[in-house]
Participant: 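Quick one: structure below, then a few questions.
The first residue of the sequence shown is numbered 1, and numbering continues consecutively from there. Values below: every heavy atom of this structure, side chains too, minus hydrogens, waters and symmetry copies.
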Amino acid sequence: MERPVLEVDVPYTIYAVPVDRGRPVNLSGNSAAKNSRRSKWALILHTAARRQCELDFYFATKECLQRPQWPQSTAFDPSAVISIAPTVYRPIKRGRDADNFWAGMKSALDGVANALGVDDSRFALMPITWEKGEDRTVLRIEVM
């Protein structure tokens, strides 16, 4: 049986999440240290951006699950590992810190896990591919 593969494409990267207040909010790095000097409103925007990021990845994953390529009867084996291989498109092709990338992707991975109905502890995080292009993140999700 062929393994199911999803390609979740979201039109921004976790480095610049657009929020309603006008400016993108940076989600990468040590937010606890940043919040020590931030105003209450900056913290509220940061939290709203994280929630929006989670919802965007949740709905993008749900949309992918509705595609005909994905077998609708797929039930996840409780012991199955789900690999996540990201491709990040940025205007400047420059690699970033992988650990900061995955820390910033926490909200996105929570959204993907909720959409799939699994615990995110089953995710196997694969190496990141950096490409030049318009800001977007593509997650290749494969059940192993």
Participant: According to a 4.5 Å side-chain heavy-atom criterion applied to Ile, Leu, Val, Met, Phe, Trp and Tyr, with indirect links allowed, do Leu139 and Tyr58 form part of one hydrophobic cluster?
Facilitator: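 Not linked; separate clusters.
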
Participant: Checking Lys106 now: which residues fulfil salt bridge (charged side-chain N to carboxylate O under 4.0 Å, His left out) with it, not counting sequence neighbours?
Facilitator: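 With sequence neighbours excluded, Lys106 shows a salt bridge (charged side-chain N to carboxylate O under 4.0 Å, His left out) to Asp110, Asp120, given in chain and number order.
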
Participant: Please evaluate residues Phe101 and Trp130 with respect to the criterion ring-ring contact (aromatic ring centres under 6.0 Å, His included), reporting the C-alpha separation (whole Å), side-chain torsions for both, the decisive distance (0.1 Å), and the verdict.
Facilitator: CA-CA 11 Å; Phe101 172 80; Trp130 302 98; 5.8 Å; yes

Participant: Can you name the nearest heavy-atom pair linking Pro127 to Pro86, along with the distance?
Facilitator: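 What the structure gives for the nearest pair is O-CD, 3.8 Å.
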
Participant: Taking all atoms of both residues into account, what is the closest heavy-atom pair of Ala124 and Val81, and its distance?
Facilitator: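 Answer, listing the atom of Ala124 first, then Val81: CB-CG1, 3.6 Å.
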
Participant: How long is the gap from CD on Glu63 to CG on Asp9, to the nearest 0.5 Å?
Facilitator: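 These two atoms lie 9.5 Å from each other.
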
Participant: Working note: Arg90 + Asp135, criterion side chain to side chain contact (heavy atoms under 4.5 Å, CB included); need CA distance, chi angles, decisive distance, verdict.
Facilitator: CA-CA 5 Å; Arg90 298 285 291 157; Asp135 272 352; 2.9 Å; yes

Participant: Within this structure, what is the CD-OG1 distance for the pair Glu7 and Thr61, rounded to the nearest 0.5 Å?
Facilitator: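 Result: 12.0 Å between the selected atoms.
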
Participant: Between CZ of Phe57 and OG1 of Thr137, what distance do you get to the nearest 0.5 Å?
Facilitator: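 Here the rounded value is 5.0 Å.
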
Participant: Side chain to side chain contact (heavy atoms under 4.5 Å, CB included), that's the test. Do Leu125 and Met105 meet it? Break it down for me.
Facilitator: CA-CA 11 Å; Leu125 306 177; Met105 283 292 288; over 6 Å; no

Participant: So does Val5 get a backbone contact from the side chain of Arg140, meaning a donor-acceptor N/O pair under 3.5 Å?
Facilitator: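 Checking the backbone N and O of Val5 against the side chain of Arg140, no donor-acceptor pair under 3.5 Å is found.
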
Participant: Taking atom CD of Glu54 and atom CZ of Phe59, what is their separation to the nearest 0.5 Å?
Facilitator: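 Separation between the atoms: 10.5 Å.
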
Participant: Is there side-chain contact between Val112 and Leu6, with heavy atoms separated by less than 4.5 Å?
Facilitator: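 Heavy-atom side-chain distance check fails, nothing below 4.5 Å.
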
Participant: Could I get the full list of side-chain hydrogen bond (donor to acceptor under 3.5 Å, both in side chains) partners for Asp119, not counting sequence neighbours?
Facilitator: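 So Asp119 forms a side-chain hydrogen bond (donor to acceptor under 3.5 Å, both in side chains) with Ser121.
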
Participant: Applying a strict under-4.5 Å side-chain criterion to I, L, V, M, F, W and Y, I'd like to know whether Val118 and Trp102 cluster together.
Facilitator: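 The answer is yes; both residues are in one hydrophobic cluster.
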
Participant: Quick one: pull up CG in Leu109 and CD1 in Ile82 and give me the separation to the nearest 0.5 Å.
Facilitator: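 The distance works out to 11.0 Å.
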
